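Atoms considered below: every heavy atom in the structure, side chains included; atoms not considered: hydrogens, waters and symmetry mates. Keep in mind that this is a model prediction, so the values were computed, not measured. So you know, we letter chains A, B, ... as the sequences are listed, proteins then strands, and number each from 1.
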Protein chains: 2
Amino acid sequence: MRQTSDIREMTGYALAKVCKAHRSSVGELLGRIGLHAGQEMVLVELWRQDRLRVCELAGRLGVEPPTATRMIQRLEGCGLVVRQRDPDDARSFRVSLTEKGRSLEESVTRCWNEVEEKAFAGISQEECRGLRDLLTRIRNNLETGMG
Amino acid sequence: MRQTSDIREMTGYALAKVCKAHRSSVGELLGRIGLHAGQEMVLVELWRQDRLRVCELAGRLGVEPPTATRMIQRLEGCGLVVRQRDPDDARSFRVSLTEKGRSLEESVTRCWNEVEEKAFAGISQEECRGLRDLLTRIRNNLETGMG
DNA sequence: CAAAAGCATTTAGCTGGCTAAATATATTAT
DNA sequence: ATAATATATTTAGCCAGCTAAATGCTTTTG
């Protein structure tokens, strides 16, 4: 059994605390280039593949459509992305990077790398790989059978 | 070097995704007992030690004081906690659990245990312990030298 | 071909997070 | 004692998340 009466002893609790620290660290660095924590994820997806629909973006980000809509509106307000009607489906919009949005890739990656360096200092490549594998398994466990 | 040009390959990225899934899973179960994700953390701290000041609570939760203030206001609105002036310091409030707040411990713990079971299915006690150790080291890395 | 069902997006309103700034009390230094 | 500084809390306003519900277009069905 994995039952515990103290939430603070659970592995999920440790996970949540680490994640908060990570997001906070990334957020601080992103703030210097005018982004809020979470916004860079939209850019990450668009750097990989441009002209995504709002719902595709929401799916890849793992957020609900209304969340994606508002993030896109704000990123559009900052001039990082543009929305264009989909010629094949009048319901959809295609979200594309602007030159300004594309140009942020390097600095955002630098922010993430900096946090990565700090977070995993003193942790071997071996341990990191094992960790990533474990995290993948956990994520699969959590995401199967819902959403 | 740990440098990568693709954020999606970073361990921190895997961490963030797992954490989102975890919070989402916990949040779904908490919703059934009338709580939002994150609110249970306030209760966790108060179950451990009651009559904490707002700033102590913020410190233990790892959030800023204004965030703690509003969470407490809402929990007070739900009748789960009460604020009482600190007799020794007129600036401070002491936050205490109500009977209703105290009574939630069992069901909140059940929610977390349920997610724990699901998240770590097929993962040994050994692996879990190693994971917790690693997460502790990462958290220490991230939290030293800031906030 | 018209009605029904489904899908993409948005709006409204709630919550947890943040920073900056205001308020009030304590403490410390002069 | 008074002034300056520090601390505790709150307010206002921003952002990322969510759900429920509205809108408008597509597709399917009868």
Side-chain angles (χ1 to χ4, degrees), chain A residues 16-17 19-32 34-44 51-59 61-78 80 83-95 146-147, chain B residues 16-17 19-32 34-44 51-59 61-78 80 83-95 146-147:
Chain A
K17 289 293 189 180
C19 187
K20 180 193 290 287
H22 186 273
R23 185 182 176 88
S24 166
S25 295
V26 173
E28 187 190 333
L29 297 184
L30 287 177
R32 300 180 191 168
L35 290 177
H36 287 79
Q39 293 184 326
E40 86 278 25
M41 294 305 198
V42 175
L43 302 179
V44 164
R51 290 184 57 74
L52 290 172
R53 289 181 306 176
V54 176
C55 62
E56 289 172 334
L57 217 29
L61 294 172
V63 303
E64 296 302 315
T67 300
T69 291
R70 278 205 326 208
M71 291 177 81
I72 291 163
Q73 289 171 342
R74 281 162 185 156
L75 290 173
E76 192 170 25
C78 296
L80 301 179
R83 292 179 325 153
Q84 296 157 318
R85 296 220 85 101
D86 186 333
D88 300 332
D89 188 339
R91 297 170 300 181
S92 297
F93 283 96
R94 295 285 176 172
V95 181
M146 61 189 303
Chain B
K17 289 293 188 181
C19 187
K20 181 194 289 288
H22 185 273
R23 185 183 175 90
S24 167
S25 295
V26 172
E28 187 190 332
L29 298 184
L30 287 177
R32 300 180 191 169
L35 291 177
H36 287 79
Q39 292 183 325
E40 85 279 24
M41 294 304 199
V42 175
L43 302 179
V44 164
R51 291 184 57 73
L52 289 172
R53 290 181 304 176
V54 175
C55 62
E56 290 172 333
L57 217 28
L61 293 172
V63 302
E64 296 302 314
T67 300
T69 291
R70 277 205 327 207
M71 292 177 81
I72 292 164
Q73 288 172 341
R74 281 160 184 157
L75 290 173
E76 192 170 26
C78 297
L80 301 179
R83 292 180 325 153
Q84 296 157 319
R85 294 221 86 101
D86 185 332
D88 300 332
D89 189 337
R91 296 170 302 180
S92 298
F93 283 95
R94 295 285 176 172
V95 182
M146 60 190 302

Hey, does B:G59 reach any base, or is it just sugar-phosphate, or nothing, if we go heavy atoms under 4.0 Å?
-> nothing

Which part of the nucleic acid, if any, lies within reach of B:G62 when heavy atoms closer than 4.0 Å are counted: base, sugar-phosphate only, or nothing?
-> sugar-phosphate

Between B:E40 and B:G38, is there a donor-acceptor pair closer than 3.5 Å when you use the side chain of the first and the backbone of the second?
-> yes

Whole-Å distance between D:dA16 C1' and A:L35 CG?
-> 13 Å

Can you find a side chain N or O atom of A:Q39 that sits less than 4.0 Å from OP1 or OP2 on D:dC15?
-> no

Kindly say whether, by distance alone, the side chain of B:R91 makes a donor-acceptor pair under 3.5 Å with the base of D:dT7?
-> yes

Choosing from D:dC18, C:dA20, C:dT11, which nucleotide comes nearest the side chain of A:V63?
-> D:dC18

Take atom CG of A:L57 and atom C1' of C:dA8, then tell me their distance rounded to the nearest Å.
-> 13 Å

Out of curiosity, B:I72 CD1 to B:L57 CG, how far, rounded to the nearest 0.5 Å?
-> 5.0 Å

Start at the 5' end of DNA chain C and walk down; is the nucleotide closest to B:R74 or to B:D88 reached first?
-> B:R74

Length of the NE2-C1' vector between A:H36 and D:dC14, whole Å = 6 Å

Just how far is it from atom NZ of A:K20 to atom CG of B:L61, taken to the nearest 0.5 Å?
-> 7.5 Å

Distance in angstrom units between B:R94 CZ and D:dA8 P, rounded | 11 Å

Integer-rounded Å distance: C:dA20 P and B:E64 CD = 10 Å

Determine the contact category for B:A37: base if any of its heavy atoms lies under 4.0 Å from a base atom, sugar-phosphate if only primed atoms, P, OP1 or OP2 are that close, otherwise nothing.
-> sugar-phosphate

Can a side chain N or O of A:T67 be found less than 4.0 Å away from OP1 or OP2 on D:dC18?
-> yes

Whole-Å distance separating the CZ atom of A:R53 from the P atom of C:dC7 | 12 Å

Quick one: does B:R70 reach the base of C:dG17 with a side-chain donor-acceptor pair under 3.5 Å?
-> yes

Closest to the side chain of A:C55, out of C:dT19, C:dA8, D:dT9, is C:dA8

Integer-rounded Å distance: C:dA8 P and A:I72 CD1 | 14 Å

Backbone N/O of A:A21 and side chain of A:S25: donor-acceptor pair under 3.5 Å = yes

Phosphate OP1/OP2 of C:dT11 contacted by A:Q73 side-chain N/O (<4.0 Å) | yes

Stepwise salt bridge (Lys or Arg N to Asp or Glu O under 4.0 Å) check, A:E56 with A:R94 = CA-CA 10 Å; A:E56 289 172 334; A:R94 295 285 176 172; 3.8 Å; yes

Run the side chain to side chain contact (heavy atoms under 4.5 Å, CB included) check on A:L35 and A:L43 step by step: do they pass?
-> CA-CA 11 Å; A:L35 290 177; A:L43 302 179; 4.0 Å; yes

State whether A:S92 places a side-chain N or O below 4.0 Å from either non-bridging phosphate oxygen (OP1 or OP2) of C:dA8.
-> no

Between B:L30 (CG) and D:dG17 (P), how many Å, whole number?
-> 19 Å

Whichever of B:P66 and A:P66 has the more 5' nearest nucleotide on DNA chain D, that residue is B:P66

